[in-house]
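Heads up, the thing below is written out as structure tokens.
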Amino acid sequence: MVRNGKQYLESLKDDRCIYIHGERVKDVTTHPAFAGIVQSYAKLYDMAADPANEMTYTTEDGTVANKVFMIPRSRDDLAQRRRAIQRWAEATCGFAGRTPDHVASFLAGFSSYPEVFGEYERNVHNYYKKARDEDLFVTYVIIPPQVDRSKAAYEQEEKYLPVGVLEERKDGIVVRGSQMLGTSAAVSNDLFVSCITPLRPGDEDYAVSFVVPLNAPGLKLYPRPSYAMGKESVFDYPLSTQFDESDSLMVFDDVFVPWEHVFVYRNIEATRDQFHKTPAHVLGNNQAQIRLCTKIKFLIGIARKVTAMGGTDKFPQVQERLGELASLAATVEGMLLASEYECMFDKYGNARPASRYLYGIVGMQDQVYAGVIKILRELVGGGVLQLPSSYHEMVNEETKDDIRQYIRATGVDSEMKIKLFRLAWDVIGSEFAGRHQQYEMFYNGAPFVVRGHAFRNYGYHEPLELLERFLNSYELPKA
Ligand SMILES: Cc1cc2nc3c(=O)[nH]c(=O)nc-3n(C[C@H](O)[C@H](O)[C@H](O)COP(=O)(O)OP(=O)(O)OC[C@H]3O[C@@H](n4cnc5c(N)ncnc54)[C@H](O)[C@@H]3O)c2cc1C
């Protein structure tokens with residue numbers, strides 16, 4: 001089954017426990033902090049449910065599901081999956097990072113490589129099929145809260161700061177503690193919980209993975225401030241109002257998890273292997289790179305239009321900067337397509353995007369995004385700040401003529417100019433924009449972590465062979 005937007009909205013009315021700006025949220029679908037993103041996600045579900053968008057496929061079990069849940073078995077599967085993910089990314093201009101396709105990719109990866117989960121393998125399969133066939137929106141928290149990064153989980157000053165096993169029961173486990181940083185968790189159905197940072201011997205109580213519904217008793221969400229709230233119009237803040245996914249600290253106040261929702265239990269090796277031995281991490285990162293590629297294209301569109309509007313694109317220096325943007329965008333897209341073209345097949349027949357190219361771009365992502373923003377900032381100049389404080393000045397009889405007269409571009413009316421420059425500000429300067437710079441730098445791990453992926457996945461045999469061949473081609477001269 002593929003849900004539509006209305007079904008998604010209904011599924012969120014479940015009395016989940018969210019505290020924001022001093023109050024407990026009664027209905028996440030109508031609360032001003034979340035209503036914008038909920039509507040945006042509802043549109044994604046409507047898109048997927050519309051056959052014209054070709055986002056569904058028939059599963060190995062004969063059911064019909066969204067392609068974002070697909071286990072790719074060929075290069076063509078990867079391409080089909082990419083096109084489905086790209087449709088969603090285009091609908092949010094790449095500004096929604098934790099759309100349902102992200103964790104759907106992880107779940108597909110888990111289910112496609114069962115041996116890692118040992119006795120819990122059936123739970124993984126069953127849950128994957130449930131999420132796929134009920135079209136569930138699953139998000140994740142896989143990072144312990146920031147307390148003391150120099151210590152192992154078991155060495156922290158209290159036992160249940162990161163989430164860990166409090167009690168084992170006949171019918172399941174009880175967990176206590178917290179985890180960062182649930183992007184979109186407030187507006188999803190289920191939460192996958194685990195730990196992707198390295199665990200050490202002694203950390204067994206934290207070496208778990210499981211899923212819980214967002215309304216599980218004892219589960220509490222503390223989102224950061226909303227960037228949508230207080231923004232009166234989409235015109236003034238087109239991204240903040242529509243795509244603020246929210247990020248929440250998740251608190252597990254003795255949450256019960258039935259055994260059928262446990263994937264890994266007190267097993268350090270399996271906690272690590274679920275991400276890196278299965279295709280989960282590559283598929284999740286492949287989704288993230290498809291989104292990034294779309295986002296950068298969108299930003300380049302803004303740069304191109306801003307410079308054309310101001311006539312600056314006629315200057316060679318500006319063309320050089322646009323060329324720099326073009327190179328960055330083409331590098332991201334090229335690496336994405338190369339990872340698909342050079343995909344590898346594991347022993348279960350899963351098609352995995354080639355890690356050299358995938359992690360090559362993952363390792364540069366913070367620099368690429370920061371580079372694009374820097375150039376865009378340079379190209380828009382102070383134009384983003386010579387705008388009136390809100391759309392009111394554009395419609396108020398007393399002020400609208402001044403605005404129309406002085407905020408303009410050759411051949412472009414003031415409404416179009418302000419619309420574009422407002423959008424540019426929401427990309428480079430608003431709180432929403434700042435959060436996105438933090439997001440692209442950290443959502444996948446700190447920069448030293450992502451560059452570690454690039455280091456481990458490059459495959460140095462080829463350059464070393466090249467080097468050896470050359471070194472062996474000459475010798476020490478005889479005396
Ligand atoms: C906007 C946003 C959304 C996010 N969404 C999610 C989500 O949905 N789910 C989820 O699970 N996580 C999410 N995260 C969390 C993300 O995974 C973490 O931010 C990331 O793993 C890095 O952890 P940290 O932020 O605690 O940084 P830290 O690990 O504390 O690192 C901060 C800095 O300290 C230094 N440092 C720390 N440790 C070391 C070390 N061992 N060696 C050298 N230097 C070190 C580095 O300079 C590093 O950049 C999100 C983060 C952001 C910013």
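These numbers come from a predicted model, not from an experiment. Remember, it's 1-based here, ligands and their atoms both numbered in the order they're listed.
Taking any N or O of Y439, backbone or side chain, none lies under 3.5 Å from an N or O belonging to ligand 1. For I142, a nitrogen or oxygen atom sits less than 3.5 Å from a nitrogen or oxygen atom of ligand 1, counting backbone and side chain alike. Among the atoms of R149, some N or O lies under 3.5 angstrom from an N or O of ligand 1.
Counting only non-hydrogen atoms, the option in V193, I143, V147, T197 that gets closest to atom 17 (O) of ligand 1 is I143. For atom 50 (C) of ligand 1, the nearest non-hydrogen atom from the set L181, D366, N444 comes from L181.
Those atoms of ligand 1 that come under 4.0 Å of a heavy atom in Y443, given as number and element, are 17 (O). Close approach to V141 involves these atoms of ligand 1, each under 4.0 Å from a residue heavy atom: 11 (O). Every atom of ligand 1 is numbered from 1 in the order shown, and the set under 4.0 Å from a heavy atom of M180 is 10 (C), 11 (O), 12 (N), 19 (O), 25 (O), 26 (O). The R435 neighbourhood of ligand 1 comprises atoms 1 (C), with distances under 4.0 Å to a heavy atom of that residue. Each of the following atoms of ligand 1 lies closer than 4.0 Å to a heavy atom of R98: 6 (C), 7 (C), 8 (O), 9 (N). Atoms of ligand 1 lying under 4.0 Å from at least one heavy atom of T183, given by number and element, are 3 (C), 4 (C), 5 (N), 6 (C), 7 (C), 8 (O).
For the residue pair E232/S390, the side-chain donor-acceptor check at 3.5 Å is not satisfied. Side-chain polar atoms of N66 and D135 form no donor-acceptor pair below 3.5 angstrom. Between the side chains of Q289 and Q365, a donor-acceptor pair is found at a separation under 3.5 Å. Side chain to side chain, N189 and R3 meet the donor-acceptor criterion of an N or O pair below 3.5 Å. Side-chain atoms of E260 and N123 include no donor-acceptor pair closer than 3.5 Å.
Taking the six-membered ring for Trp and thresholds of 30 and 60 degrees, F137 and Y45 have ring planes inclined between 30 and 60 degrees apart. Ring pair W259/Y265 is perpendicular by interplanar angle, where above 60° counts as perpendicular and below 30° as parallel. The aromatic rings of Y222 and Y19 lie parallel to each other, their planes meeting at an angle below 30°, with 60° marking the opposite boundary.
Here the heavy atom of the protein found nearest to atom 24 (P) of ligand 1 is Q146 NE2, 3.5 Å. Looking at atom 9 (N) of ligand 1, its nearest protein heavy atom turns out to be Y140 O, 3.0 Å. The closest protein non-hydrogen atom to atom 31 (O) of ligand 1 is A446 CB, 4.2 Å. Among all non-hydrogen protein atoms, the one lying nearest atom 20 (C) of ligand 1 is F442 O, 3.4 Å.
The line from CD of E431 to CG of D426 is 11.0 Å long, rounded to the nearest 0.5 Å. Atom CZ of F106 is separated from atom OG of S194 by 10.5 Å, given to the nearest 0.5 angstrom. Note: L337 CG to L78 CG = 11.5 Å, rounded to the nearest 0.5 Å.
Heavy atoms of D247 found under 4.0 angstrom from ligand 1 belong exclusively to the side chain. Of the heavy atoms in F448, only side-chain atoms (C-beta onward) come closer than 4.0 Å to ligand 1. At a heavy-atom cutoff of 4.0 Å, ligand 1 is contacted by no atom of Q179, backbone or side chain.
For atom 12 (N) of ligand 1, a protein non-hydrogen atom is found at a distance below 4.0 Å. Within a 4.0 Å radius of atom 33 (C) of ligand 1, the protein has no heavy atom. When distances from atom 28 (P) of ligand 1 to the protein are checked, a heavy atom turns up under 4.0 Å.
The side-chain hydrogen bond (donor to acceptor under 3.5 Å, both in side chains) test with D244 is passed by exactly one of R435, K231, R224: R224.
Checked for salt-bridge contact, R321 and E324 meet the test: a charged N lies under 4.0 Å from a carboxylate O.
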